[in-house]
Amino acid sequence: MVKRSLIVLMWLFAHLVQAELLIEVTQGKQSAIPVAVVPFSWNGSSALPEDISAIVTNDLASSGYFRTLGTASMITQPHQLNDVIYADWSRLKQDFVVIGTVELQADGYAVQFHVMDVHQQVEILRHRVKGKASQLRDLAHYISDFIFKKLTGVPGVFSTKLIYVTTNRERSRFNLNYADADGAREQLIYSSKHPIISPAWSPDAKKVAYVSFENGRSEIFFQELATGKRERVVAFDGSNSAPAFSPDGTRLAFVLSKLGNPDVYVMDLASRKIERMTNHYAIDTEPQWDVDGRHIFFTSSRAGGPQVYKLDTANKQVERVTFEGSYNARARITADGRKLVYVHKANDRFHIASQDVKSGLVHILTSETELDESPSVAPNGSMVIYAASEADRSILAAVSVDGDVKFRLPSKYGDVREPAWSPIFQ
């Protein structure tokens with residue numbers, strides 16, 4: 001059964017609006033797995049609130065790891081195991097087939113699905129999930145995650161969320177938004193006529209931190225997603241910016257310039273005491289915790305231009321991490337601690353790069369987009385979402401950490417930037 005945490009978070013202050021983001025896959029893996037998701041059986045008297053099989057198809061296709069088959073190309077559309085004719089799917093050059101049924105129950109819906117290996121002609125996965133009518137999209141993403149992990153060995157992130165900032169052309173309204181990873185069910189977290197920047201998730205995904213200029217200067221706020229409650233947490237003299245929660249959620253790294261140049265500080269969230277971590281005449285900014293909860297990556301100009309450094313919070317020792325190129329900034333670490341993702345400047349263009357932590361090998365991931373910035377890594381470490389410039393507007397785009405998969409999430413109504421990928425909901 002789907003865990004209670006799959007229930008859609010309802011915000012007392014929020015309202016549902018038309019989705020601004022639509023995924024457009026621009027490049028998939030050459031080794032993409034052919035899979036057919038047959039429309040799930042449903043015998044109800046009226047249409048379901050959500051088309052579960054269509055959502056699963058879209059999830060798998062948008063990942064770039066799968067090549068899905070359109071329903072018009074299907075020779076048959078079976079709903080039971082005994083109805084699957086493997087020769088038909090083999091003729092269509094499919095590796096896997098997904099079938100399912102949706103049943104109405106007193107307390108909601110039950111969905112049973114099966115995955116068949118066409119070449120081996122065997123069922124390799126069977127699962128049953130339940131949920132309310134309001135949870136059908138969550139059930140679909142859950143099914144996609146289940147299938148993705150079974151067929152790739154990597155946890156799926158279709159059930160995760162995105163936060164991002166949108167603004168109109170006149171820059172007179174800034175919105176902090178929240179949506180499914182596929183851009184659906186967008187909701188408003190906070191709106192202001194003043195800029196909103198640097199949104200960040202708490203590790204338990206129950207609240208977000210962000211910087212607001214509503215009081216005439218940059219200050220850091222926390223906001224609970226379930227209630228909409230806001231709290232001003234960091235508001236010292238000078239600039240307060242770039243919040244980042246520690247992996248255990250007990251501390252907050254941020255940038256403060258009250259003593260002159262910006263430096264990295266850490267706040268103990270229980271006591272609200274702060275400790276200065278860097279003390280240098282250069283600009284130190286954009287802190288991000290390492291997976292060990294002891295080290296912090298940050299951007300500094302202490303070598304003459306922006307480079308990524310690593311700080312040991314126990315002894316405040318600092319070491320330089322990036323050396324290739326004159327500009328490397330906004331570092332983010334993958335969940336397994338193996339890759340560092342950051343903004344890299346090469347040939348006067350800003351792109352997203354990944355660096356192997358052990359070998360130091362750098363791989364440029366993006367080339368088609370311009371002025372790439374604000375990378376955020378998916379919690380399974382497979383994808384990076386970032387902001388980019390396209391035709392004088394800001395859009396979101398994503399690329400896999402190996403550079404093979406690419407897609408865009410343009411906004412239909414204005415500019416969108418500052419994306420942050422949520423943790424996996426527990």
Side-chain angles (χ1 to χ4, degrees), residues 1-9 23 25 28-29 31-33 35 37 52 55-68 95-96 98 100 111 113-115 117 124-129 131 135 137-163 179-184 201-206 245 247-249 289-292 332-341 354 357 365 375-385 398-407 409 419-426:
M1 180 180 291
V2 176
K3 296 180 180 179
R4 290 184 178 180
S5 60
L6 282 176
I7 297 175
V8 182
L9 293 174
I23 293 181
V25 178
K29 284 184 174 292
S31 59
I33 302 170
V35 61
V37 182
I52 294 177
I55 295 171
V56 173
T57 299
N58 181 70
D59 282 346
L60 297 180
S62 65
S63 73
Y65 285 75
F66 294 90
R67 184 170 64 252
T68 56
D95 288 352
F96 300 95
V98 180
V111 183
F113 64 97
H114 312 256
V115 179
D117 184 318
I124 61 171
L125 177 63
R126 176 186 300 191
H127 196 57
R128 184 179 177 88
V129 292
Q135 293 178 272
R137 180 167 284 271
D138 296 285
L139 293 177
H141 291 320
Y142 177 84
I143 292 169
S144 300
D145 286 336
F146 220 88
I147 295 171
F148 189 89
K149 184 174 183 179
K150 177 65 178 180
L151 300 185
T152 69
V154 178
V157 291
F158 305 111
S159 297
T160 58
K161 312 292 180 181
L162 298 174
I163 50 176
D180 289 1
D182 62 359
W201 288 91
S202 64
D204 61 7
K206 292 182 179 180
F245 287 95
D248 63 4
W289 294 86
D290 198 353
V291 293
D292 61 8
R332 297 294 184 263
I333 191 76
T334 56
D336 59 8
R338 298 173 57 186
K339 299 281 187 180
L340 196 65
V341 177
S354 71
V357 170
L365 302 179
S376 179
V377 184
N380 66 357
S382 67
M383 300 292 295
V384 180
I385 192 167
V399 61
S400 59
V401 292
D402 58 11
D404 288 349
V405 178
K406 298 177 181 179
F407 60 82
L409 293 92
W421 214 314
S422 80
I424 292 177
F425 286 73
Q426 301 298 324

Q: Would you give the length of the straight line joining atom CG of Asp204 to atom OG of Ser422, rounded to the nearest 0.5 angstrom?
A: 11.0 Å

Q: List the atom of Asp145, the atom of Gly156, and the distance in Å for their closest heavy-atom pair.
A: OD1-C, 3.1 Å

Q: Counting C-beta onward and ignoring hydrogens, is there a side-chain heavy-atom pair between Pro419 and Leu162 closer than 4.5 Å?
A: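 When only atoms from C-beta onward are counted, Leu162 and Pro419 do not touch, as no gap falls below 4.5 Å.
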
Q: Consider side chain to side chain contact (heavy atoms under 4.5 Å, CB included). Of Thr57, Val115, Ile143, which one does Val37 pass it with?
A: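 With Val37 as partner, side chain to side chain contact (heavy atoms under 4.5 Å, CB included) holds for just one option, Thr57.
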
Q: Tell me if a side-chain donor or acceptor on Asn380 pairs with a main-chain N or O of Pro155 at a distance below 3.5 Å.
A: yes

Q: Please check if the side chain of Thr334 supplies one atom and the backbone of Lys339 the other of a donor-acceptor pair under 3.5 Å.
A: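 A pair under 3.5 Å: yes.
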
Q: Would you give the length of the straight line joining atom OG of Ser159 to atom CG of Asp59, rounded to the nearest 0.5 angstrom?
A: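 One gets 8.0 Å once the value is rounded to the nearest 0.5 Å.
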
Q: Quick one, Leu151 and Phe66 - any side-chain contact, counting heavy atoms below 4.5 Å?
A: yes

Q: Fit a plane to each ring of Phe158 and Phe148, take the angle between them on a 0 to 90° scale, and name the class: parallel (under 30°), tilted (30 to 60°) or perpendicular (over 60°).
A: perpendicular

Q: Do Phe113 and Ile147 have side-chain heavy atoms sitting under 4.5 Å apart?
A: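 Sidechains of Ile147 and Phe113: in contact.
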
Q: Tell me whether Ser376 contacts the main-chain N or O of Ile385 through its side chain, where contact means a donor paired with an acceptor under 3.5 Å.
A: no

Q: Measure across Val405 and Ser63 and return the closest heavy-atom pair with its distance rounded to 0.1 Å.
A: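 Heavy atoms of Val405 and Ser63 come nearest at CG1-O, 3.0 Å.
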
Q: Taking the side chain as C-beta and beyond, is there a heavy-atom pair between Asp95 and Val35 under 4.5 Å?
A: no

Q: Indicate yes or no: at least one non-hydrogen side-chain atom of Val399 is less than 4.5 angstrom from one of Lys406.
A: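 The answer is yes, as the side chains (C-beta and beyond) meet within the 4.5 Å cut-off.
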
Q: In the structure I gave you, are the side-chain heavy atoms of Lys150 and Phe96 within less than 4.5 Å of one another anywhere?
A: no

Q: Less than 4.5 Å apart, any side-chain heavy atom of Trp201 and any of Pro423?
A: yes

Q: Do side-chain atoms of Asp182 reach the backbone of Asn58 as a donor and acceptor pair under 3.5 angstrom?
A: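 Absent.
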
Q: Before you tell me yes or no, could you show the steps for Val157 and Trp421 under side-chain contact (heavy atoms from CB on, under 4.5 Å), namely the whole-Å CA-CA distance, both residues' side-chain angles and the distance that decides it to 0.1 Å?
A: CA-CA 10 Å; Val157 291; Trp421 214 314; 3.9 Å; yes

Q: For the residue pair Val401 and Gly381, what are the closest heavy atoms and their distance?
A: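 Where Val401 meets Gly381 most closely, the heavy atoms are CG1-O, 3.2 Å.
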
Q: Could you tell me whether a side-chain N or O of Asp180 sits under 3.5 Å from a main-chain N or O of Lys161, the two making a donor and an acceptor?
A: no

Q: Minimum heavy-atom separation for Pro379 to Ala335, with atom names?
A: O-CB, 3.4 Å

